[in-house]
Q: 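Mind having a look at this structure? Questions to follow.
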Amino acid sequence: MRNFWGLIRAYWTSERWVEAWLLTLSIGFLTAAASKASVWMAVASGDLLNSIVNIHDPLQANPLAVILSNAGLLILLMILKEVGFVGFRHLLSTTLHRKWRGWLNNRFNEALLDQNHTHYHLQQGGGDNSPEMPDNIDQRVQESIKGMTGGAIGLAMGILGVLMSVLFVGQKLIEMSTEVSGFAFLGAYGTATLAFVAIALYVPFSTWIAMRIGRVLETITVEMQRSEGSYRSEMTTFLRRSFQVAASDGENVQKAVNEGLYSGVDRAWARFTRYDACYMSFTSIYNYFAVRIVAYLPGLLPYMSHTISLKNYITGAELVGSMINECSWFIQVMPAIANLKANAKRVTELAEAIHIVQQPANFYARSGVSEFRHSTQHELFGLTVRNLELMHRDNTTAPFLSVAHLRFRKGDWTYLKGESGSGKTCLLKAINGLWPHGRGDIILPEKVDALYAAQEVKLPAVSLKQLVCLPKGESEFKDVSVAAALHRADMGDFIEDISRDARDGTSWDQLLSGGQKQKLVLARILLHKPGILFLDEATGALDPQAKIAFHQAIRDYCPSITVISVMHEHEPPKSKSGYNFYSHVLEIQNGQADLVSLRPTMRPATTVETIARHPTVQPMIAAE
């Protein structure tokens with residue numbers, strides 16, 4: 001799906017091809033029926049006008065009844081076309097739009113959220129030698145896919161309508177055709193030939209003008225989408241950091257940022273409105289000439305020479321007008337086509353970028369060194385890091401952190417110590433495959449789950465139980481186990497709400513404080529009991545006593561865990577009894593990492609403290 005046609009046809013060749021083709025063929029049938037109904041309506045309209053003109057004809061016994069009969073037939077045909085054909089076609093086309101968009105959305109969702117963390121790599125960007133990464137991914141997935149699918153369906157329906165109109169209306173024009181005085185060489189197809197010539201001259205020339213304007217509209221539409229996406233993205237980011245802006249009195253700076261981004265939106269919008277106004281004026285003039293002049297010209301000469309009747313003249317004009325209208329569909333929807341092309345371009349750019357970053361090592365190698373080798377070994381050997389060098393983008397000579405050999409054995413607690421910017425967090429990211437540039441061997445223990453706990457916790461809008469069960473599904477754990485984990489993490493007050501995705505209408509992400517979110521992560525750790533735990537300043541929002549309780553809970557309930565931790569503290573925390581939680585310190589200085597063993601200051605506790613009585617949790621914990 002990295003080019004326009006591949007993106008367009010993917011749904012029709014997917015596992016849901018029966019659904020796609022059934023809807024498509026139904027829409028095609030109704031489009032053909034609507035075109036045929038236009039012929040019937042043109043004939044009925046000619047009969048009606050002819051009966052009105054001949055209302056005083058003495059040969060008509062009951063002219064009013066004839067007029068009413070013709071008018072009733074025209075109304076019935078109009079209802080059949082607009083309700084039975086066009087209306088039902090609209091229902092099917094919107095259904096196709098919804099299902100096609102849903103299928104594409106799922107495909108991109110799966111691609112972005114794959115095991116390679118594609119969504120993360122897309123936002124890291126490459127370097128000077130790498131392709132530019134797509135901006136505003138959310139807008140491309142939401143708005144651009146929706147606009148592209150709707151525009152493509154409309155375009156296909158319009159083209160099919162033109163073909164059906166040429167078939168049915170053209171057939172009727174040929175059927176009604178007669179000789180034209182002065183054009184005897186055309187024979188019996190004189191009026192039909194003149195009609196086709198008029199259409200062939202008028203529509204293509206006007207379409208050429210429309211395309212010239214349309215190209216400009218397409219360029220401006222892409223610019224508008226980009227600027228609108230940037231403005232919306234900044235607003236979303238601003239609202240997420242609203243407290244920081246208020247606390248720092250940063251409203252004036254934020255206001256200037258917002259105004260600068262919106263000025264880009266306004267400039268693109270102003271250009272678009274000017275060209276759109278020109279296009280609207282052009283189409284209005286075009287439609288007027290098509291219906292009032294061009295449609296009546298082909299039959300004028302034969303009507304003046306009494307070769308055809310008024311009825312046939314009016315019917316022919318209606319048919320020519322109908323064909324011009326159908327063939328002019330391209331002109332009418334040129335702005336929509338420009339929008340379609342702009343949306344398709346943004347979607348295919350995203351698809352191409354996803355394809356590129358699905359092999360992260362190859363992608364990052366374009367802008368620097370990316371030679372990490374990940375493998376596994378028996379769990380008894382723990383986690384091993386060898387010959388590791390971490391670098392920045394486009395820097396192939398000077399690593400900012402070098403590690404010759406490290407081994408983290410089962411049960412080791414290692415505290416990473418170093419100045420800010422020394423590379424502590426980068427080391428954790430590299431071990432987890434989230435740092436792009438550098439080289440080295442990272443050997444993980446087999447059949448051991450790892451969990452990465454970061455400082456900043458963003459909670460999706462799901463139930464409290466699901467938040468604790470992440471990354472697994474909530475169906476994999478019993479409520480009693482989740483409740484026990486929450487209680488042990490000092491989050492017992494929220495146990496009654498584990499099945500809810502909000503409390504009093506407020507989502508958990510907004511309701512919980514920074515410290516409570518970090519305790520929620522602790523509950524997740526206690527529930528999953530991972531073999532390796534990475535703590536990336538995961539206690540930064542907790543007070544000293546809460547930090548001790550955080551570590552004590554992990555020590556008590558995950559006795560064999562391997563912990564690798566980054567914190568702000570100069571010295572690693574100790575238990576209330578003075579025992580060192582951490583067995584090692586990995587000190588990073590001058591780009592080098594040295595592992596030092598710590599001696600315990602006293603004998604560690606061997607039993608878990610008695611859990612405080614809680615009216616809701618106590619029976620759950622007992623049951624567990």
Q: Between Q142 and D138, is any side-chain donor less than 3.5 angstrom from a side-chain acceptor?
A: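 Side-chain D/A pair, Q142 to D138: absent.
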Q: With distance as the sole test, does T348 use its side chain to make a donor-acceptor pair with the main-chain N or O of A344 at under 3.5 Å?
A: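 Such a contact is found between T348 side chain and A344 backbone.
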Q: What pair of heavy atoms forms the shortest contact from G515 to A541, and how long is it?
A: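 Closest pair (atom of G515, atom of A541, distance): N-CB, 3.6 Å.
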Q: Between F581 and W413, what is the ring plane arrangement, given parallel below 30°, perpendicular above 60°, and tilted in between?
A: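 It falls in the parallel class, under 30°.
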Q: Answer yes or no: is there a donor N or O on one side and an acceptor on the other, between the side chain of D266 and the main chain of Y262, under 3.5 Å?
A: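 Between the backbone of Y262 and the side chain of D266 there is no qualifying donor-acceptor contact (under 3.5 Å).
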Q: Between R373 and E371, does any NZ, NE, NH1 or NH2 come within less than 4.0 Å of an OD or OE carboxylate oxygen?
A: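 So E371 does not pair with R373 through a salt bridge.
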Q: Where do Q455 and Q518 land on the side chain to side chain donor-acceptor pair (under 3.5 Å) test, with the steps shown first?
A: CA-CA 8 Å; Q455 177 182 21; Q518 293 186 335; over 6 Å; no
Q: How long is the straight-line distance from CD1 of I354 back to CD1 of I137, given to the nearest 0.5 Å?
A: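 Between atom CD1 of I137 and atom CD1 of I354 there are 7.5 Å.
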Q: Around W103, counting heavy atoms of other residues, nucleotides and ligands shown, do more than 12 lie under 6.0 Å from its CH2?
A: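 Correct, the count exceeds 12.
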Q: When you compare the side chain of I442 with that of T384, does any pair of heavy atoms fall below 4.5 Å?
A: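 Result no, sub-4.5 Å side-chain heavy-atom pair not found.
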Q: Step by step, would you call K576 with Q545 a side chain to side chain contact (heavy atoms under 4.5 Å, CB included)?
A: CA-CA 9 Å; K576 289 183 179 180; Q545 294 303 315; 3.9 Å; yes
Q: Does T219 offer a backbone N or O that forms a donor-acceptor pair with the side chain of E223 under 3.5 Å?
A: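 No.
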Q: Within a radius of less than 6.0 Å around CG of D543, do more than 12 heavy atoms belonging to other residues, nucleotides or ligands occur?
A: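 Buried by this count: over 12 neighbours within 6.0 Å.
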Q: Evaluate the side-chain proximity of L7 to V347: yes if any heavy-atom separation is below 4.5 Å, no if none is.
A: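 Sidechains of L7 and V347: in contact.
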Q: For the CG atom of L451 and the SG atom of C558, what is their distance to the nearest 0.5 Å?
A: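 Result: 10.0 Å between the selected atoms.
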Q: Which atom names give the shortest non-hydrogen contact between I220 and A268, and what distance separates them?
A: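 The pair with the smallest heavy-atom distance is CG2-O, 3.4 Å.
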Q: Using only heavy-atom distances, determine whether the side chains of Q225 and N343 contain a donor-acceptor pair under 3.5 Å.
A: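 Their side chains do contain a donor-acceptor pair, which is all the 3.5 Å distance test asks for.
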Q: Of all heavy-atom pairs between A453 and A538, which one has the smallest distance, and what is that distance?
A: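 Of all heavy-atom pairs spanning A453 and A538, the closest is O-CB, 3.6 Å.
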Q: Can you confirm whether R409 is buried at CZ, in the sense that more than 12 heavy atoms of other residues, nucleotides or ligands lie under 6.0 Å from that atom?
A: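 For R409, atom CZ is not crowded (no more than 12 foreign heavy atoms under 6.0 Å).
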Q: Within a strict 4.5 Å, meaning less than it, do heavy atoms of the L586 and K417 side chains meet?
A: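 L586 does not reach K417 side chain to side chain.
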Q: Which pair of heavy atoms, one from P436 and one from S370, lies closest together, and at what distance?
A: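 Closest approach of P436 to S370, heavy atoms only: O-OG, 3.0 Å.
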Q: With no hydrogens and no angle check, do the side chains of D536 and T425 hold a donor and an acceptor under 3.5 Å apart?
A: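 Distance-only check passes for D536 and T425.
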Q: How far apart are the C-alpha atoms of L261 and S227, what are their side-chain angles, what is the distance that settles it, and do they pass the side chain to side chain contact (heavy atoms under 4.5 Å, CB included) test?
A: CA-CA 7 Å; L261 289 173; S227 57; over 6 Å; no
Q: Is there a donor-acceptor pair under 3.5 Å between the side chain of T539 and the backbone N or O of L542?
A: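 The answer is no, because no donor-acceptor pair under 3.5 Å joins these two groups.
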Q: Can you tell me if CD on E456 sees more than 12 non-hydrogen neighbours from other groups inside 6.0 Å?
A: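 Not buried by this count: 12 neighbours or fewer within 6.0 Å.
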Q: Does the side chain of Y582 pick up a donor-acceptor pair with the side chain of T414 at under 3.5 Å?
A: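 Judged by distance alone, the side chains do not pair up.
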Q: When you measure from the side chain of D412 to the backbone of F408, do you find a donor-acceptor pair of N or O atoms at a distance under 3.5 Å?
A: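 No, the answer is negative, given that no donor and acceptor are paired below the 3.5 Å cut-off.
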Q: If you apply the rule salt bridge (Lys or Arg N to Asp or Glu O under 4.0 Å), what do you find for E474 with K465, and how did you get there?
A: CA-CA 6 Å; E474 59 183 338; K465 181 181 178 181; 5.3 Å; no
Q: Mind listing the closest non-hydrogen atom pair of S560 and K410 along with its distance?
A: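 Minimum heavy-atom contact is O-CG, 3.5 Å.
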Q: What's the spacing between L416 CG and C426 SG if we round to 0.5 Å?
A: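 Rounded to the nearest 0.5 Å, the CG-SG separation comes out at 11.0 Å.
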Q: Nearest 0.5 Å, please: how far is CD in E379 from OG1 in T562?
A: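 It is 10.0 Å, given to the nearest 0.5 Å.
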Q: If we ignore angles and hydrogens, is there a donor and acceptor under 3.5 Å between the side chains of R2 and H355?
A: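 A pair is found: one side chain offers a donor N or O, the other an acceptor, under 3.5 Å apart.
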Q: Checking K529 side chain against L526 main chain: does a donor-acceptor pair fall under 3.5 Å?
A: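 Such a contact is found between K529 side chain and L526 backbone.
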Q: Please walk me through it: do L383 and I564 pass side chain to side chain contact (heavy atoms under 4.5 Å, CB included)?
A: CA-CA 11 Å; L383 167 64; I564 306 174; 3.7 Å; yes
Q: With under 30° as parallel and over 60° as perpendicular, where do the rings of H121 and H117 fit, or are they tilted in between?
A: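 Rings of H121 and H117: tilted, as their planes differ by 30° to 60°.
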Q: Are R140 and E349 within salt-bridge range, i.e. N to O under 4.0 Å?
A: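 Yes, charged N to carboxylate O under 4.0 Å.
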Q: Does the pair R346/E143 count as a salt bridge with the N-to-O cut at 4.0 Å?
A: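 No, this pair does not count.
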Q: Give the ring-plane orientation class for H392 versus W435, where under 30° counts as parallel, over 60° as perpendicular and anything between as tilted.
A: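 Correct class here is perpendicular.
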Q: Walk me through whether E389 and L401 qualify under side chain to side chain contact (heavy atoms under 4.5 Å, CB included).
A: CA-CA 6 Å; E389 294 182 343; L401 177 61; over 6 Å; no
Q: I'd like to know if the side chain of S233 and the backbone of G229 have a donor-acceptor N/O pair within less than 3.5 Å.
A: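 The answer is no, because no donor-acceptor pair under 3.5 Å joins these two groups.
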Q: Using modelled atom types only, decide if a donor and an acceptor are shared between the side chain of T506 and the backbone of Q510 within a distance under 3.5 Å.
A: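 Side chain of T506 to backbone of Q510: no pair is present.
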Q: Is it true that a side-chain atom of K517 and a backbone atom of K458 form a donor plus acceptor pair closer than 3.5 Å?
A: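 Side chain of K517 to backbone of K458: no pair is present.
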Q: From S422 OG over to Q589 CD, what is the distance, rounded to the nearest 0.5 angstrom?
A: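 S422 OG to Q589 CD: 9.0 Å, rounded to 0.5 Å.
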Q: Tell me, yes or no, whether the heavy-atom count around N106 atom CG, taken from other residues, nucleotides or ligands under 6.0 Å, exceeds 12.
A: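 Yes, CG of N106 has more than 12 neighbouring heavy atoms, counting only those of other groups under 6.0 Å.
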Q: Closest approach of G531 and V448, non-hydrogen atoms and distance?
A: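 Between these two residues, the closest heavy atoms are CA-CG1, 3.5 Å.
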Q: Is the closest side-chain heavy-atom distance between Q358 and D114 below 4.5 Å?
A: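 Sidechains of D114 and Q358: in contact.
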Q: Examine distances only and state if a side-chain atom of Y452 and a backbone atom of N432 form a donor-acceptor pair shorter than 3.5 Å.
A: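 Absent.
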Q: How long is the straight-line distance from CZ of F477 back to NZ of K472, given to the nearest 0.5 Å?
A: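 Those atoms lie 4.5 Å apart.
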Q: Just checking K547: does its NZ atom have more than 12 heavy atoms from other residues, nucleotides or ligands closer to it than 6.0 angstrom?
A: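 More than 12 heavy atoms, drawn from other residues, nucleotides or ligands, come within 6.0 Å of this atom.
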Q: Can you find a pair of side-chain heavy atoms, one from I525 and one from F550, that are under 4.5 Å apart?
A: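 Sidechains of F550 and I525: in contact.
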Q: Compare all side-chain heavy atoms of L406 with those of L595 and state whether any distance is below 4.5 angstrom.
A: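 L406 vs L595: side chains touch.
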Q: Step through it carefully: locate the ring centre of Y415, locate the ring centre of H584, and say whether they are under 6.0 Å apart.
A: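 No, ring centres 6.0 Å or more apart.
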Q: Under 3.5 Å, is there a donor-acceptor pair linking the side chains of H378 and E446?
A: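 No - no donor-acceptor pair under 3.5 Å links their side chains.
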Q: If you count every heavy atom of other residues, nucleotides or ligands that lies below 6.0 Å from E476 atom CD, does the total exceed 12?
A: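 Enclosed: over 12 neighbouring heavy atoms sit under 6.0 Å from CD of E476.
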Q: Report yes if some heavy atom in the side chain of L113 is under 4.5 Å from a heavy atom in the side chain of T118; otherwise report no.
A: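 Of all side-chain heavy-atom pairs linking T118 with L113, none is under 4.5 Å.
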Q: Is there side-chain contact between L486 and L464, with heavy atoms separated by less than 4.5 Å?
A: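 Side chain of L486 against side chain of L464, heavy atoms only: contact under 4.5 Å found.
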Q: State, without any angle test, whether E234 and Q254 hold a side-chain donor-acceptor pair at a distance under 3.5 Å.
A: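 On atom types as modelled, these side chains qualify, holding a pair under 3.5 Å.
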Q: With under 30° as parallel and over 60° as perpendicular, where do the rings of H374 and F372 fit, or are they tilted in between?
A: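 Because their plane-to-plane angle lies in the 30° to 60° range, the rings of H374 and F372 count as tilted.
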